[in-house]
Structures are given as structure tokens and as C-alpha cells.
There are 2 protein chains.
Amino acid sequence: LIELTGISKTYHMGEVSVPVLHGVDLTIDAGEHVAIVGRSGSGKSTLMNILGCLDQPSTGSYQLDGREVDTLDDDELSDLRGRMVGFVFQSFHLLRNLTVLQNVALPMEYQGVATPERHARAKELLERVGLGHRFDHRPNQLSGGERQRVAIARALSNQPSLLLADEPTGNLDSKAREATLGLFDELHKQTGVTLVVVTHDDSIAERTPRVIRIADGRIQ
Amino acid sequence: LIELTGISKTYHMGEVSVPVLHGVDLTIDAGEHVAIVGRSGSGKSTLMNILGCLDQPSTGSYQLDGREVDTLDDDELSDLRGRMVGFVFQSFHLLRNLTVLQNVALPMEYQGVATPERHARAKELLERVGLGHRFDHRPNQLSGGERQRVAIARALSNQPSLLLADEPTGNLDSKAREATLGLFDELHKQTGVTLVVVTHDDSIAERTPRVIRIADGRIQ
Ligand SMILES: Nc1ncnc2c1ncn2[C@@H]1O[C@H](COP(=O)(O)OP(=O)(O)OP(=O)(O)O)[C@@H](O)[C@H]1O
Ligand SMILES: Nc1ncnc2c1ncn2[C@@H]1O[C@H](COP(=O)(O)OP(=O)(O)OP(=O)(O)O)[C@@H](O)[C@H]1O
Ligand SMILES: [Mg+2]
Ligand SMILES: [Mg+2]
């Protein structure tokens, strides 16, 4: 499903160059469950943004579902992402003027799902992550762990074939963490979603079938 | 140093009431090192905001350093906070238009510290948290764990007598976590700062002299 070849990424801040990823080669088959582990600043979120087609590499090639990503125009890319990818962002990126329910329903709205259906599904997902009592709150009326769980529910709302989760449990207590990991495992079993999780938590890495280690922008 | 008596907090969203803290009694002596542990949504950040004089309780009394906090006007409160309190926020709250260095120097600027001195101290703190190579980045040009470390450095910049750290290691790998906890311990030894840390991480709670458990807004 995923084929990265020679992927490098350098950020440019005026005259300063910040090289972050160096010659990354990575193959992930459809249906795999993978953890990406590395230190703070090693390039994990940068790699995730490229996998999720939210950012382009400086050099190298990315084939997603057989298609060369840099040959797609913005509309095709946006369409591919909307249909295929669910993203749990490290900093959540919830829309502050929408309620929790509206935030989770939004990806389905973009895919043309009818209102009663997407609200029912959003409610079901929110109950699965323990937020059935927070539908009408706005993100700034939630705790940190609650925001993280809304981000998780939103990532699942379009039944993605590729789920990218960047530190999905950093703000969660052990009970909420277990519920989240259980939800991911269940989704993986039921739908065969390809699941890529970034984590510092070794206990999560240990229960993941395949662990990819990254250091200073290079895959080990 | 800290005396909470009968503290309750209810949020109001239009007609809906969300009761969060119930009858909290809590005494913390100067120089103590305390961990507050509880599930997501149990009221930890709400309690921290009251301790840091950023939010007022609905009922009850808060004595900080012998002064009844609700008798202070905004200026006195802001002055007390600026001198005494260092806060590591769960969502960092860095200023996006300032560089990392300026963000860390800002509390010292408010306390009238001269420019060369506060820049030297900010640099030193940033090096202590491993960010000596990121002085000129803006917060949106940092990784999640780097933002968290900037928030940590900023909280320490005014040499606070009360350090409130809300989930200070949620985005950090084990090496950066150890460095942070070591920095807190060292500060505690050298300056006798009163240190209150919110965490889900049992391994952090285990190494803290006193652990306060909170559930559904009540201290156990
Ligand atoms: N402004 C607000 N309006 C309404 N409800 C709020 C508001 N802020 C927080 N809450 C609710 O209060 C409860 C406690 O929030 P708080 O942020 O104190 O939890 P917490 O213990 O820090 O959780 P976490 O571990 O997830 O950060 C949550 O259930 C949250 O939904
Ligand atoms: N827009 C940007 N401009 C310049 N440098 C950046 C930018 N975004 C990230 N960086 C730098 O790139 C490096 C890698 O960032 P990235 O977010 O991929 O790290 P990470 O592995 O996800 O770290 P963490 O575990 O702390 O989240 C960091 O050192 C960061 O300072
Ligand atoms: Mg990251
Ligand atoms: Mg909190």
C-alpha cells in the first residue's frame, strides 16, 4: 500500500536549512499494523505528514495504493486523502467553533454522508471513546485527554483504509489508553485497516506486530 | 504555602452546568514535592488553574502564602502570579509570533530583568532541556516534544517558588523525560521550590514523595 523510496525532507527558514529526513526507504503492506518509535525531534511527525499527503518530501518518491503521489494535483490529493486516510494529530487540530459532535462528523460530511447517518455514527464513536456525555462541548470546554479522544473518534469517522495516529495516547490515563488501543485493534481485525502509530510508549510498541525505529531522520 | 478549603468548581455553558470539583480540601507546605494523579476528566487541570490563580473556584477558600486569593484584585493577583508561579500548561500555550528564546525570556521581561541577563538565562535553560539548537525557531517550527520542553524552560525562567506542571512529559521520549524530571529534582534540591506535578504516568508518581489521588473531582 505504501512505498517510500529515497525520501528526504529539509525545512527552510529564511536562510537556515533544517534537514530532518534522510533517504528514507519504507514499505508497508495493506493491512499491516506498525509502530514508529524514535526520540523527540527524530522526524516521526514529519514522516507521518508525508504518509498522510499533508506535506511533500524535498526529494524521493511516494507510492500510495499504486499511485505516485507527486503526480497528483491538489484536488486529486485532497480526494484521495478524504477517502482513504484517517489522521490523529499530535496536537489534535480540532475546529474550535464546532461542537465535539460536529468535529467528529466533519470528515463524513466532506464525503457526502447524509446528516442523520453521520450524526449517528459520530455519536457511536464518541461513546466508544467514553465521551457520550460531551457531545455539545466545544474543544476549549474539554480536558486534554478528552480533546485527544475527540481527535481519535474523528480519525475513525470515515472508516479509513489508512489510519495514521501520532502519539494517540500521550494525554490519556491507563483506562482510556486501553480503550483506545482496543478500539484500534478491533478496527484492524474487522476492517483490515492499515494502521501506523507513532509512539514513545514502549509498552505500546511491544504489543505492535512490527516496530520501525527512526533516529535523526533515518530508519534503522 | 497552599491551603484549599471546601473548593468547588462548576462550569456553566448556557443553561448546562458541569460540576467538576467538589469540596476539595488540600494543604501543601512550602518545599513539598507532590504528584496529582487521576483519570482523564477527573479535574486535575481545573485544580491546577485554581492553584495557579488563573481561575476562580465557584465556592471555597484558597490561601496562598498566607494571603486569601479572592480578596486580591487583578493587579495584585497578576503580580503574585508573576513573581511566584511557574506553570507548564498541558497544551503549552506558547506565543506563536515569538521565537523559542523570546518565549522563554518573556516571564523575566515582565519581572523587569535586563535583556542580556534574561537572554543568557533563557539560553541556559533551553540547553538544559536539549534545545540549544532551536533558539530561533517559532513554536510551529518545532516538534511536539520540543514545544513541551520550551514550555518547561519558560516555567522555570522566573525561578518560581511554586512550580505547577500539568502533564509535563506526555510528549517526551524516555531520555527527554528523564532530563526533565532530573531538572525538576535538581531545582527542588537547590531552591526548595514547591513542586506540584499532574501526571497519568505511574512511574512518575512512584518516584514522587507524596501522591494525591483525585477521582470525579474529589480528593481521595
Ligand atoms: N470550560 C469548560 N466548560 C465546560 N466543561 C469543562 C470546561 N473545562 C473543562 N471542562 C470539563 O471538566 C472536566 C474536568 O476537566 P479537567 O481539564 O480538569 O480534567 P483533567 O483531569 O485535567 O483531564 P485530562 O487528564 O484529560 O487532562 C472535563 O470532563 C471537562 O469536559
Ligand atoms: N516547520 C518547521 N521548520 C523548521 N524545522 C522544523 C519544522 N517542523 C519541524 N521542524 C524540526 O524538525 C525536527 C523533526 O520534527 P518532527 O515533528 O518530525 O519530530 P518528532 O519525531 O515528531 O518529535 P516529537 O516526538 O517531539 O513529536 C525537529 O527537530 C523540529 O525542530
Ligand atoms: Mg511529533
Ligand atoms: Mg488536564
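Bear in mind the structure is a predicted one, so any value in this text is a computation, not a measurement. Below, chains carry the letters A, B, ... as their sequence lines are ordered, and counting in each starts from 1.
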Inset, instruction - Check for a donor-acceptor pair, side chain of T27(B) on one end and backbone N or O of E3(B) on the other, with a separation under 3.5 Å. - result: no
Legend entry - Part of residues 167-183 of chain A lying next to chain B, heavy-atom separation under 4.5 Å: E167(A), G170(A), N171(A), L172(A), D173(A), K175(A)
Legend entry - Members of residues 140-161 of chain A whose heavy atoms come closer than 4.5 Å to chain B: Q141(A), S143(A), G144(A), G145(A), E146(A), R147(A), R149(A)
Legend entry - Nearest atoms (heavy-atom pairs only) where T99(B) meets F135(B): CB-O, 3.5 Å
Inset, instruction - Step through the shown structure and confirm whether more than 12 heavy atoms of other residues, nucleotides or ligands are within 6.0 Å of CG on D216(A). - result: no
Inset, instruction - Enter the distance from I214(B):CD1 to S42(B):OG here, rounded to the nearest 0.5 Å. - result: 5.0 Å
Inset, instruction - Tell me, for V18(A) versus chain B, whether the close heavy atoms (under 4.5 Å) come from the side chain, the backbone, both or neither. - result: side chain
Inset, instruction - Establish, from distance only, whether the side-chain atoms of S17(B) and H12(B) form a donor-acceptor pair under 3.5 Å. - result: yes
Legend entry - Neighbour count above 12 (heavy atom, 6.0 Å) for Y110(B) OH: no
Inset, instruction - Report the distance from atom OG1 of T46(A) to atom CD1 of I7(A), rounding to the nearest 0.5 Å. - result: 12.5 Å
Legend entry - chain A contact via R134(B) - which portion, at a heavy-atom distance below 4.5 Å: side chain
Inset, instruction - Could you tell me which of Q90(B), R39(B), K44(B), H133(B) has the largest number of non-hydrogen atom pairs under 4.5 Å with chain A? - result: R39(B)
Inset, instruction - Look at the aromatic rings of F89(B) and F87(B) and report parallel, tilted or perpendicular, splitting at 30° and 60°. - result: parallel
Legend entry - Engaged part of H137(A) at the chain B interface, taking heavy atoms whose separation is under 4.5 Å: both
Inset, instruction - Could you tell me whether the side chain of N49(B) and the main chain of L54(B) form a donor-acceptor pair under 3.5 Å? - result: no
Legend entry - Donor-acceptor side-chain pairing of E32(A) and T194(A) below 3.5 angstrom: no
Inset, instruction - Go through the atoms of D136(A) and report whether side chain, backbone, both or neither lie under 4.5 Å from a heavy atom of chain B. - result: backbone
Legend entry - N103(B) (side chain) donor-acceptor with L98(B) (main chain) under 3.5 angstrom: yes
Inset, instruction - Count the heavy atoms belonging to other residues, nucleotides or ligands that lie under 6.0 Å from CD of Q56(B), then report whether that count exceeds 12. - result: no
